[in-house]
Peer 1: 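Dumping the structure here so I can ask a few things about it.
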Amino acid sequence: MTPTPERSDFIRDIVAADLREGRIDTVVTRFPPEPNGYLHIGHAKSICLNFGIATEFGGRCHLRFDDTNPVKEEQEYLDSIMADVRWLGFDWGEHLYHASDYFEQLYEWAVHLIEAGKAYVDDLSAEEIREHRGTLTEPGTPSPWRDRSVEENLDLFARMRAGEFPNGSRVLRAKIDMASPNINFRDPVMYRILHADHPRTGDAWCIYPSYDFAHGQSDAIEGITHSICTLEFQDHRPLYDWFIANLPVPSQPHQYEFARLNLTHTVLSKRVLLKLVKEGFVRGWDDPRMPTLSGIRRRGFPAEGLRDFAAMIGVARADSVVEIEMLEHAVRDVLNRTTLRRMAVLDPIKLVIENYPEGVTEELEVPNSPEDPDAGSRMVPFSRDLWIERDDFMEDPPKKFFRLAPGREVRLRSAYFVTCTDVIKDAEGRVVELRCTYDPESRGGSAPDGRKVKATLHWVSAAHAVDAEVRLYDHLFADPFPGSDGRDLLDDLNPDSEVILQGAKLEPALADTPAGETVQFERLGYFCPDPDSTPTAPVFNRTLTLKDTWARLQAKGA
RNA sequence: UGGGGCGUCGCCAAGCGGUAAGGCAUCGGCCUUUGGAGCCGACAUUCGUAGGUUCGAAUCCUACCGCCCCAGCCA
């Protein structure tokens, strides 16, 4: 499936109308992450929206770090965010900015508001401010410091900047309306004292602007036309507009809100993700089970799949939870057409072809991709002793199982038809080896007499197999709605989200799979080398399984 | 009991007064040297509920119900 290129949503409709009706000449958007964590798939939705609109309408999209809280922000996050946006396939060109680039301008505008009698320094403590704020149903009460003179406010604010006061001792507040039904208007904090080093400005500042005072003004400075954010900022829009209206800003940006992404079987909360990392429930921010872009990349998901997914889910204002199957579909769709096919046996059982000459190896030509003839083919060694998948044999098969069984003939992919003639078991009765005969006439995988077989099995020549570790990944959370109904999030963690297999058997060509490339292990799924992989000890991650009708039938029967 | 939003198929989502797109999932069938892929078909007489306006309503009006967000010196 190819997503419709000209998709439309309410934001694109607004942009199109603004362009058409001449309210703007060029659309300018921005992706404004706070560098306090790694980007996740929810951010990908926003990135695709903002950068997508810019390219579709011939405008531009800025990458701007909302770095106004030095106590939470780190250079590591700045770096990972830039790498992730690039990986996703977007380019901000020259337009890399930081809210911290505007600290001086923001300070001047704060002074402007003080001079206009629209901001004041408050000496109340954080707790007192909260008490004065009122409640959802009761108006707040003015701070006793609300009516200080402009001169005193100017003096105090300058001394706040100069570092004369300790953290938390004073704040600068906008003077709006303590009785407003919109709590954001009850004299919101514009600046707080934070004696902390900033990743970019170092110790140049000890007062930092709040989100509300920094964001809209940063948009105005950059000439952002459409400032797109998530629903929880709706209540802030009147305040956003208030600052723009009361300051001599160079442009008039507007804010629009859309519903953030929620996904079943996953959690998209920086707080929770940080906890999973810090407390060792995963291998790190880039654990293949994490919904972070770095985790998704390590898992082997292609960026194109994420972009297709973003296009598929659309953009709207209704809270929603997207089934993870939709993401998996988008990823499989890309992988199916782009990936090379290889053979690997995850849970091997020996198959010996009794009538095949001992000590002989022949090279069989196997196509690299049925979806792409241009992908060519490769030579794969074949011999008397092979590994096949344990699940591909049943001694006493049910009606619908049509793989190998005693007396049954099946095809070994691109090789020969083989018929199981004997089953060898160990002392405990466990099947340890299958004896077969092959039909030399069926070389390549089809019989000259035209007879058919119901199954095609993948295989690896035992003498040529490369041993590997394979890590099977599944949803990090077993429940579709982690932590719902009051459960502890951690209780919903899927105990089988990572299953590590040792001694998987790979066909030789797999040993040179480059890092970052995802391949298909035929009939099993998509896999990619993990960064832990070495030439002598390959490690593959399972990106996704293939859709599995047989597994579904079994599940239904059970 | 304040304010701001949202309610169209199991999930996402078009629709903007003219008689319910599409995708995911699911279920059939065909095809197949991956039980993959592909192809074909099925899948909302109904749009949170109840009234009203209209020749005609998911779209307009009224009331009600349900869900989400807001009381950080986080963003």
Side-chain angles (χ1 to χ4, degrees), chain A residues 1 3-4 7-9 13 32-34 36 66 68-69 71-72 122 124-126 129-131 133-140 167-173 180-186 188-194 207-208 210-212 214-215 229-238 257 259 264 270 309 311-330 332-333 336-337 341 343 366-367 370-371 400-403 411-415 417 444-446 452-458 480 520-525 545-553:
Chain A
M1 185 231 74
T4 29
R7 45 183 184 287
S8 169
D9 53 65
D13 289 347
E34 181 188 10
N36 68 343
D66 224 333
T68 57
N69 187 356
V71 321
K72 289 186 176 179
D122 194 344
L124 254 29
S125 68
I129 286 179
R130 191 188 328 121
E131 287 162 358
R133 187 148 32 225
T135 69
L136 295 179
T137 53
E138 299 162 324
N167 287 357
S169 59
R170 280 177 237 263
V171 292
L172 181 73
R173 293 227 256 171
S180 174
N182 181 343
I183 287 176
N184 293 302
F185 268 3
R186 322 245 266 224
V189 170
M190 293 167 56
Y191 271 91
R192 70 285 212 194
I193 300 171
L194 251 26
I207 58 172
Y208 292 92
S210 63
Y211 166 84
D212 285 309
H215 202 94
C229 62
T230 45
L231 253 25
E232 65 270 27
F233 291 100
Q234 284 176 102
D235 291 344
H236 294 247
R237 190 184 344 125
E257 312 89 14
T264 57
K270 281 189 186 176
F309 172 67
M312 233 183 291
I313 60 176
V315 177
R317 288 176 64 86
D319 287 313
S320 60
V321 184
V322 176
E323 292 177 339
I324 199 163
E325 286 78 7
M326 225 194 276
L327 203 214
E328 295 172 347
H329 168 81
R332 283 196 185 97
D333 192 54
N336 176 52
R337 12 174 260 268
R341 310 294 129 123
M343 291 196 285
V366 182
E371 300 293 321
K400 289 180 174 166
F401 181 89
F402 47 80
R403 273 111 94 149
R411 169 170 40 236
L412 294 178
R413 162 120 246 223
S414 298
F417 283 8
S446 52
K452 302 291 186 197
V453 289
K454 294 223 30 179
T456 299
L457 271 39
H458 58 279
Q520 185 192 100
F521 288 2
E522 289 212 50
R523 304 209 304 134
L524 297 174
T545 61
L546 248 29
K547 290 218 286 182
D548 189 343
T549 305
W550 169 238
R552 191 146 23 99
L553 286 175

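Quick note on labels: first sequence line is chain A, next is B, and so on, each numbered from 1.
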Peer 1: Can you tell me the distance, in whole Å, between the CG atom of A:Asp333 and the P atom of B:A25?
Peer 2: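 It is 10 Å, rounded to the nearest whole Å.
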Peer 1: To the nearest Å, how far apart are A:Arg237 CZ and B:G5 C1'?
Peer 2: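 Distance, rounded to whole Å: 10 Å.
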Peer 1: Charged N to carboxylate O below 4.0 Å: is that the case for A:Arg317 and A:Glu257?
Peer 2: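 Salt bridge between A:Arg317 and A:Glu257, a charged N being under 4.0 Å from a carboxylate O: yes.
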Peer 1: Does A:Asp235 get its side chain close enough to the base of B:G3, under 3.5 Å, for a donor-acceptor pair?
Peer 2: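 Answer is yes: a donor-acceptor pair is held.
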Peer 1: Tell me if the side-chain of A:Gln520 makes a donor-acceptor pair with the base of B:G36, cut-off 3.5 Å, by modelled atom types.
Peer 2: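 Answer no: no donor N or O sits under 3.5 Å from an acceptor.
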Peer 1: Can you tell me how far P in B:G7 sits from the matching atom in B:G15, rounded to whole Å?
Peer 2: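 It comes out at 12 Å once rounded to the nearest Å.
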Peer 1: Give the rounded distance in Å between these two atoms: CD of A:Glu323 and C1' of B:U26.
Peer 2: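 Spelled out: CD on A:Glu323 to C1' on B:U26 is 10 Å.
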Peer 1: Looking across every strand, which nucleic acid part, if any, lies under 4.0 Å from A:Ala126 by heavy atom: base, sugar-phosphate, or nothing?
Peer 2: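 Touches a base.
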Peer 1: Using a heavy-atom cut-off of under 4.0 Å over every strand shown, decide if A:Asn336 touches base, sugar-phosphate, or nothing.
Peer 2: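 A:Asn336: base contact, heavy atoms under 4.0 Å.
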Peer 1: Between A:Ser320 and B:A13, is there a side-chain N or O to OP1/OP2 distance below 4.0 Å?
Peer 2: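 Result: yes.
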Peer 1: Checking ring pair (Phe, Tyr, Trp, His ring centres under 6.0 Å) for the pair A:Trp550/A:Phe401: CA distance, chi angles, key distance, verdict?
Peer 2: CA-CA 8 Å; A:Trp550 169 238; A:Phe401 181 89; 5.5 Å; yes
Peer 1: B:G36 base to A:Glu371 side chain: any donor-acceptor pair below 3.5 Å?
Peer 2: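 Indeed, a donor on one side and an acceptor on the other fall under 3.5 Å apart.
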Peer 1: Measure from NE2 on A:His236 to P on B:G4 and round the result to the nearest Å.
Peer 2: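 Going from A:His236 (NE2) to B:G4 (P), I get 15 Å.
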Peer 1: Quick check: do A:Phe185 and A:Pro238 have side-chain heavy atoms less than 4.5 Å from each other?
Peer 2: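 Yes, their side chains come closer than 4.5 Å.
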Peer 1: Once you apply a heavy-atom cut-off of 4.0 Å, does A:Thr68 come out as touching a base, just sugar-phosphate, or nothing?
Peer 2: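 Sugar-phosphate: the residue A:Thr68, judged by heavy atoms under 4.0 Å, touches backbone atoms but no base.
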Peer 1: Where do A:Arg552 and A:Asp548 land on the salt bridge (Lys or Arg N to Asp or Glu O under 4.0 Å) test, with the steps shown first?
Peer 2: CA-CA 6 Å; A:Arg552 191 146 23 99; A:Asp548 189 343; over 6 Å; no
Peer 1: Expressed in whole Å, how much space separates the P atoms belonging to B:C40 and B:G23?
Peer 2: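 The same atom, P, in both gives a distance of 11 Å.
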Peer 1: So what does A:Gly168 touch, heavy atoms closer than 4.0 Å: a base, only the sugar-phosphate, or nothing?
Peer 2: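 If one applies the 4.0 Å heavy-atom cut-off, A:Gly168 turns out to touch a base.
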Peer 1: Examine B:G35: is either OP1 or OP2 under 4.0 Å from a nitrogen or oxygen in the side chain of A:Lys454? Give yes or no.
Peer 2: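 Checking B:G35 against A:Lys454, no side-chain N or O comes under 4.0 Å of OP1 or OP2.
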Peer 1: Taking atom C1' in both B:G29 and B:C43, compute the distance separating them and give it to the nearest angstrom.
Peer 2: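 Each nucleotide's C1' atom is 15 Å from the other's.
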Peer 1: For A:Val321, report the nucleic acid contact type (base, sugar-phosphate, nothing); a contact means any heavy atom under 4.0 Å.
Peer 2: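 It contacts sugar-phosphate atoms only.
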Peer 1: Base of B:G28 relative to its sugar, syn (within 90° of 0) or anti?
Peer 2: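 B:G28: anti.
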Peer 1: Does the side chain of A:Arg133 get closer than 4.0 angstrom to OP1 or OP2 of B:G72 through an N or O atom?
Peer 2: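 Yes, A:Arg133 has a side-chain N/O under 4.0 Å of OP1/OP2 on B:G72.
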Peer 1: For A:Met326 and for A:Phe521, locate the closest nucleotide of RNA chain B by heavy-atom distance; then report the residue assigned to the nucleotide nearer the 5' terminus.
Peer 2: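 By nearest-heavy-atom nucleotide position, the 5'-most residue is A:Met326.
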Peer 1: Look at A:Arg552 and B:C27 and indicate whether a side-chain polar atom (N or O) is within less than 4.0 Å of OP1 or OP2.
Peer 2: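 Yes, A:Arg552 has a side-chain N/O under 4.0 Å of OP1/OP2 on B:C27.
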Peer 1: Please determine if a side-chain N or O atom of A:Arg523 lies less than 4.0 Å away from the OP1 or OP2 oxygen of B:G35.
Peer 2: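 Indeed, a polar side-chain atom of A:Arg523 lies that close.
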Peer 1: Applying a 4.0 Å non-hydrogen cut-off, can you work out what A:Leu546 is touching in the nucleic acid: base, sugar-phosphate, or nothing?
Peer 2: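 The answer is base, as A:Leu546 lies within the cut-off (heavy atoms under 4.0 Å) of a base atom.
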Peer 1: Looking only at heavy atoms, which two atoms of A:Gly445 and A:Arg411 are closest? And how far apart?
Peer 2: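 For A:Gly445 versus A:Arg411, the nearest heavy atoms are O-NH1, 2.7 Å.
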Peer 1: Which of these nucleotides, B:C73, B:G38, B:C69, is closest to any side-chain atom of A:Ile129?
Peer 2: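 Looking only at heavy atoms from C-beta outward on A:Ile129, the closest nucleotide is B:C73.
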Peer 1: Counting only side-chain heavy atoms from C-beta out, which of B:G3, B:A13, B:C69 sits nearest to A:Pro181?
Peer 2: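 The listed nucleotide nearest to A:Pro181's side chain is B:G3.
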Peer 1: How far does the P atom of B:G48 sit from the matching atom of B:G41, given to the nearest Å?
Peer 2: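 So the two P atoms sit 30 Å from each other.
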Peer 1: Check the phosphate of B:U32 against A:Arg411, side-chain N and O only, distance under 4.0 Å to OP1 or OP2. Yes or no?
Peer 2: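 Answer is no, no contact under 4.0 Å.
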Peer 1: Using atom C1' of each nucleotide, how far apart are B:A71 and B:C60 to the nearest Å?
Peer 2: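 My reading of the C1' atoms in B:A71 and B:C60 gives 37 Å.
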Peer 1: Counting only distance, no hydrogens or angles, is the base of B:G36 paired donor-acceptor with the side chain of A:Arg332 under 3.5 Å?
Peer 2: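 In this structure, the two groups form no donor-acceptor pair.
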Peer 1: State whether A:Thr549 places a side-chain N or O below 4.0 Å from either non-bridging phosphate oxygen (OP1 or OP2) of B:G36.
Peer 2: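 Looking at the OP1 and OP2 atoms of B:G36, one of them is under 4.0 Å from a side-chain N or O of A:Thr549.
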Peer 1: When we call it a touch if two heavy atoms are under 4.0 Å apart, what does A:Val189 touch: a base, just sugar-phosphate, or nothing?
Peer 2: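 Since only primed, P, OP1 and OP2 atoms lie under 4.0 Å of A:Val189, the category is sugar-phosphate.
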Peer 1: Determine the Euclidean distance between corresponding P atoms of B:U49 and B:C11; express it in Å to zero decimal places.
Peer 2: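 These two P atoms come out 15 Å apart once rounded.
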Peer 1: Regarding A:Val315, tell me which of base, sugar-phosphate or nothing describes its non-hydrogen contacts under 4.0 Å with the strands shown.
Peer 2: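 Here A:Val315 touches the backbone only, sparing every base.
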Peer 1: Which part of the nucleic acid, if any, lies within reach of A:Phe233 when heavy atoms closer than 4.0 Å are counted: base, sugar-phosphate only, or nothing?
Peer 2: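 If one applies the 4.0 Å heavy-atom cut-off, A:Phe233 turns out to touch a base.
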Peer 1: Before you tell me yes or no, could you show the steps for A:Arg523 and A:His458 under side chain to side chain donor-acceptor pair (under 3.5 Å), namely the whole-Å CA-CA distance, both residues' side-chain angles and the distance that decides it to 0.1 Å?
Peer 2: CA-CA 7 Å; A:Arg523 304 209 304 134; A:His458 58 279; 3.3 Å; yes
Peer 1: P atom, B:U54 versus B:A14: distance in rounded Å?
Peer 2: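 These two P atoms come out 32 Å apart once rounded.
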Peer 1: Tell me: NE2 of A:His329 to P of B:G36, nearest whole Å?
Peer 2: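 Distance, rounded to whole Å: 15 Å.
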Peer 1: Using every non-hydrogen atom in the two residues, find where A:Arg186 and A:Thr135 come nearest and quote the distance to one decimal.
Peer 2: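 Smallest heavy-atom distance, with atoms named: NH2-O, 2.6 Å.
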Peer 1: Using heavy atoms to find the nearest nucleotide of RNA chain B for A:Tyr211 and A:Leu231 separately, return the residue whose nucleotide is more 5′.
Peer 2: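 It is A:Leu231 whose nearest nucleotide is closer to the 5' end.
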Peer 1: Considering only the C1' atoms, how many Å lie between B:C47 and B:A58, rounded to the nearest integer?
Peer 2: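 Each nucleotide's C1' atom is 4 Å from the other's.
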Peer 1: Hey, does the side chain of A:Arg130 come within less than 4.0 Å of B:C73's phosphate (OP1/OP2), counting only N and O?
Peer 2: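 No.
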Peer 1: Can you name the closest pair of heavy atoms from A:Thr264 and A:Ile324 and give their distance?
Peer 2: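 Looking at all heavy atoms of both residues, the closest pair is OG1-N, 2.9 Å.
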